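By convention in this document, chain letters (A, B, ...) are assigned in the order of the sequence lines, proteins followed by strands, and residues within each chain are numbered from 1. Both backbone and side-chain heavy atoms feed into the values below; hydrogens, waters and symmetry mates do not. As the structure is a prediction and not an experimental result, all values here were calculated from the model.
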Amino acid sequence: MSKSPGPDRKDRIAVGALAGAFGVHGEVRLKSYCADPMAIADYGPLHTEDGTSYSQIVFTGQAPNALIARVQGIISKEQADALKGQLLYADRDRLPPLEDEEYYYSDLIGLAVQDTGGNALGTVRAVHNHGAGDLIEVIGSGKSATILLPFTRAVVPTVDLAARRIVVDPPEGLL
Amino acid sequence: MSRSVWKGPFVDAYVLKKAEAVREGGRNEVIKIWSRRSTILPQFVGPTFGVYNGQKHIPVNVTEDMIGQKFGEYSPTRTYYGHAADKKAKRK
């Protein structure tokens with residue numbers, strides 16, 4: 001356990017949360033937000049909002065909706081209970097490298113969306129996958145309604161992470 | 001009890017008509033449908049359908065492995081915003 005700057009940095013991503021104590025021997029209930037729940041242990045050190053870092057997580061079992069783990073620095077039930085609800089953040093550069101045409105949701109969220117004519121359409125609010133491919137949810141500035149666009153090369157020909165923008169060419173009837 | 005085989009898969013007639021029209025026209029447009037109960041047939045593979053979820057049309061790119069399912073299975077009626085964490089999107 002160590003102290004470091006908090007999670008209000010863009011290079012940190014929430015990967016899980018502490019959900020209280022499990023038993024009386026310092027084990028914690030851990031909620032993982034990762035695609036593979038066990039992968040959260042590979043992204044250490046994990047940081048909490050108050051800047052505390054936990055470098056080692058060892059899974060000891062499973063509970064309903066949570067993993068049971070021993071976290072370095074947490075040795076009592078009181079310590080574990082005190083951390084209940086704390087989000088755990090991983091450094092962005094701890095995530096594994098991506099293949100071609102793969103993007104982390106966290107990299108896409110917040111990008112500016114333009115059409116092929118350069119007109120601003122809004123920003124990416126979320127990325128969904130309902131089983132028929134990835135969809136980006138775009139929200140226009142000052143609007144409450146969102147539009148969903150398939151994340152395909154035909155509809156999203158340009159993803160420029162450096163310039164923080166994507167260019168979309170939606171088919172008729174989507175906008 | 002499952003549906004009798006002799007009846008064939010159920011599809012609302014207007015879905016077939018719209019898909020046929022778009023295929024013949026060769027236009028790049030979303031086929032808006034309200035029929036969540038229609039079965040996905042082999043002739044639907046390729047175009048993008050906008051399947052109504054009670055609020056808006058969710059784009060569904062139909063692929064071969066979706067044949068035999070219903071359109072509604074790919075257009076959820078409730079939205080869940082989880083944490084992005086390490087989830088990846090692949091541009092196809």
| message | Is A/Ala14 close to chain B through its backbone or its side chain, or both, or neither, when contacts mean heavy atoms under 4.5 Å? | response | both

| remark: The interface call for A/Ala39 against chain B, heavy-atom contacts under 4.5 Å, is side chain

Counting only heavy atoms closer than 4.5 Å, note whether [X] contacts chain A via side chain, backbone, both or neither.
X       : result
B/Tyr74 : both
B/Glu73 : backbone
B/Lys32 : side chain

Report yes if the side chains of [X] and [Y] come closer than 4.5 Å at any heavy-atom pair, otherwise no.
X        : Y       : result
B/Lys88  : A/Leu98 : yes
A/His130 : B/Val60 : no
A/His128 : B/Ile58 : no

Within [range], residues adjacent to chain B where the heavy-atom gap is under 4.5 Å:
range                       : answer
residues 101-116 of chain A : A/Glu101, A/Glu102, A/Tyr103, A/Tyr104, A/Tyr105, A/Ser106, A/Leu108, A/Ile109
residues 155-167 of chain A : A/Val156, A/Pro157, A/Thr158, A/Val159
residues 18-27 of chain A   : none
residues 30-37 of chain A   : A/Tyr33, A/Cys34, A/Ala35

| Is it the case that more than 12 heavy atoms not belonging to B/Tyr80 sit under 6.0 Å from its OH atom? | no

Shared ILVMFWY cluster between [X] and [Y], side chains joined below 4.5 angstrom?
X       : Y       : result
B/Val22 : B/Leu16 : yes
A/Ile68 : A/Val28 : no
A/Val58 : A/Leu88 : no
B/Phe71 : B/Tyr14 : yes
B/Val15 : B/Trp34 : yes

| query | Pick from A/Val15, A/Leu148, A/Leu87, A/Asn129: which one has the most heavy-atom pairs with chain B under 4.5 Å? | reply | A/Leu148

| query | If you round to the nearest 0.5 Å, how far is CG of A/Asp134 from NZ of B/Lys92? | reply | 6.5 Å

| If you round to the nearest 0.5 Å, how far is CZ of B/Arg91 from CG of A/Asp100? | 10.0 Å

| request: List the atom of A/Pro171, the atom of B/Val30, and the distance in Å for their closest heavy-atom pair. | output: CG-CG2, 3.8 Å

